[in-house]
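Take a look at the structure below.
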Amino acid sequence: MTVPEKTWTRETVRSHLHALLGEHTQATGAAIADTSHLVGDLGVDSLGVMEIVAAVEDSFKLTIPDDALREVETVADVAVAIESRLEREGRLAR
Amino acid sequence: MSAALGPRTVVQAIEDAASSTKTGYRFIEEAPQGGGEAEPFFTHGGIERASARYGGALQALGARRGDRVALILPDNADFVFAFLGALRAGLVPVPIYPPTGLGKLAGYLDNTLHIVARSGARLLLTTTEIKRMLGTIQARVPELAKVVAVEGVRSMREELRPAKVTLDDVCFLQFTSGSTSRPKGVVLTHGNLAANVRAIMERGLGIRDGVDSGASWLPLYHDMGLIGFVIAPLYHLNTITFLPPLLFLKRPARWLETISRHRASISFGPNFAYALCVKRIKDSEVAGLDLSSWRVAGCGAEPIRAENLRAFADKFAPAGFDQRAFVSCYGMAESTLAISFSKLGSGVTTDVVDGAALWSTGRAVPLAEGAEGPDGLDRATAIVQCGGAFEDHDIQVFAPEDEASERPLGDREVGELRLRGPSLMSGYFNEPELTRSAFAGGWLKTGDLGYLADGKVHICGRSKEVIIVNGRNYYPQDLEWEAGKVDGVRKGNVIAFGTMKPNHDRERVIICFETNLLGEPERAAQKGEVRRVVQQALGLTVDDVLPLGVGVLPKTSSGKLQRARLRELYETGALLDRTSARDVDPIAVARELAKSQVGYFRHAILGGGQKKDD
């Protein structure tokens, strides 16, 4: 039996994601909301987005394929992309 | 040797390469976390067979000889097979970039619609997912008969009916990544490709048939990736390893790891790619690399900054990177791909000239590095040398207003670079007007400002005012249009431009606009809004936004905005002192005059005394 190395909840996913965005953007904690647009509100350019994706993949230990990025616009979209992968691997607690 | 064969069509090159069982193309696919790396390898024979299947499928789907086929294929292997298959079926492929997401879908759809309609494509081949995103495109372009998902094509087994293709036939249409309002389709024939491939591979790279191998993350809908790494290697049997472009942008280390692991000798990238490696690759990652096999590190497609390449060489020298591998390249889609390459094995060479004289007198006057002007400022500007014209090709410099290209300028005189030779496009597809204006007396106008020194190309600017950030072109008109949508911004009174000042490290994007609002908080809100709309629409980060009073932006007497003049005012800092140019305020003028008088008297009376006291 494999034991997931860490079990995430929707809350810990969000808080961890917000912390990552704080490190990789000019935006400060309070300015980062689920509805924030990565490009429009957080001042991230397309290269910056790819840097954030790499950081997300490393810290959640998952891969976000290119086609999943095509419709990502907001912070919530990123969280959903993370959660759906964690869920598939049995690493997301209900 | 392939050179003895004379010029060949791309179709002939695919067939000739098919007997090779050792060389071919490898496609790295991003593996899910924890999974092993997938990198299927196709020999050149395997590529010939796969392209026959895709070409046969396109014919079975109803594509007829000469039909344009739009390709939006994010997967490298799909793209290569479909592109080459289309050529063998006598079709004309039209590569289009896939959507990148990040909320720019509306702009993407407009652009794609424009290209599909302009090219008159009868068939569009893409993925199921992108097909869904394109929605009703078919209903909006009457000539487009079918939108086909590539997933079904992969398993089709229709036999190819090979078309007889000659050097004079159109090979494909390369739409220039330009203004979103109007990309143009550059028409390239098989003869153009044969000529440019020969120039690049034989003269530019000194290619060794079957020996040199390449690695590339470059997007295949762009000329450098498509011609440089898909088409040219077919002629010389070079093995190429392809990485998905987004994988490189996500993890730049993967590019260099690929070169290291597969002992690649040739790889190219725009300036920003080298800068990204310096910024993002950790020292611990450098330790595992061996870049000693990399003999040609080409740099092109955007202005080259010698300091970026130097930083790259410094960082990766411990991994065996040799700075002499750098080759500075100049090219454009209208000249198939390449115009000139710096000499192999000499690294980045710069010509140090008097920056002030360059623009004021139009002459590139050599200067010692670090030379100071009378104002104590560094006036030495280093300009990267991009080599001389290829055999059978000409490069000359003309005054931009010399519409018949009658009087070439002399050595070190700055003007517009113009080209002649067998690599030049026959024109823009179905755009007779634009095609006519692209040439002057038989020479192609590049729109680039530069000079020749000992026959070597030096580029110092662009007369087209394009802003290039991270390898992408942005037209100021597009930025201005978006900014003009913001409340309180005076429409038609917005100027966007790029500047290399103050640090010369990268292009900064500046937007200036006129507004009636005077309060600081209102102006600050406007600035934020301008940044936001531009970012949302174009995915571009604006470095500086300047709200100005009414009448401050420089215009010609006919009311046309003067971008170059504004850039100059911005760079010298004079813009901030400028209250109104057109509606002259007498009090402000008097104050300016007084200030300059004070300065004059202090200087004249105190002499150099002030400096000693400081």
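By convention in this document, chain letters (A, B, ...) are assigned in the order of the sequence lines, proteins followed by strands, and residues within each chain are numbered from 1.
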Of the non-hydrogen atoms in [X] and [Y], which two are nearest, and what is the gap between them?
{"X": "B:Pro99", "Y": "A:Arg70", "value": "O-NE, 3.0 Å"}
{"X": "A:Met50", "Y": "B:Leu249", "value": "CB-O, 3.5 Å"}
{"X": "A:Leu47", "Y": "B:Arg280", "value": "O-NH1, 4.5 Å"}

(request) Would you please name every residue forming a side-chain contact (heavy atoms from CB on, under 4.5 Å) with A:Ala68, sequence neighbours left out? (result)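 side-chain contact (heavy atoms from CB on, under 4.5 Å) list for A:Ala68, sorted by chain: A:Ile64, A:Pro65, A:Arg85.
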
(message) So, using side-chain contact (heavy atoms from CB on, under 4.5 Å) as the criterion, who are the partners of A:Ser84 when residues are at least two apart?
(response) A:Arg88

(message) Within the 4.5 Å heavy-atom criterion, are B:Arg251 and A:Asp58 side-chain neighbours or not?
(response) yes

(message) Within the structure provided, determine whether A:His37 and B:Gln535 are in side-chain contact (heavy-atom separation under 4.5 Å).
(response) no

(message) With rounding to the nearest 0.5 angstrom, report the CD to CG distance, B:Gln536 to A:Leu38.
(response)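 Reported value, rounded in 0.5 Å steps: 10.5 Å.
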
(message) Rounded at 0.5 Å granularity, tell me how far CG in A:Asp66 sits from CG in B:Leu247.
(response) 7.5 Å

(request) Give a yes or no on whether B:Lys279 atom NZ has more than 12 heavy-atom contacts from other residues, nucleotides or ligands under 6.0 Å away. (result) no

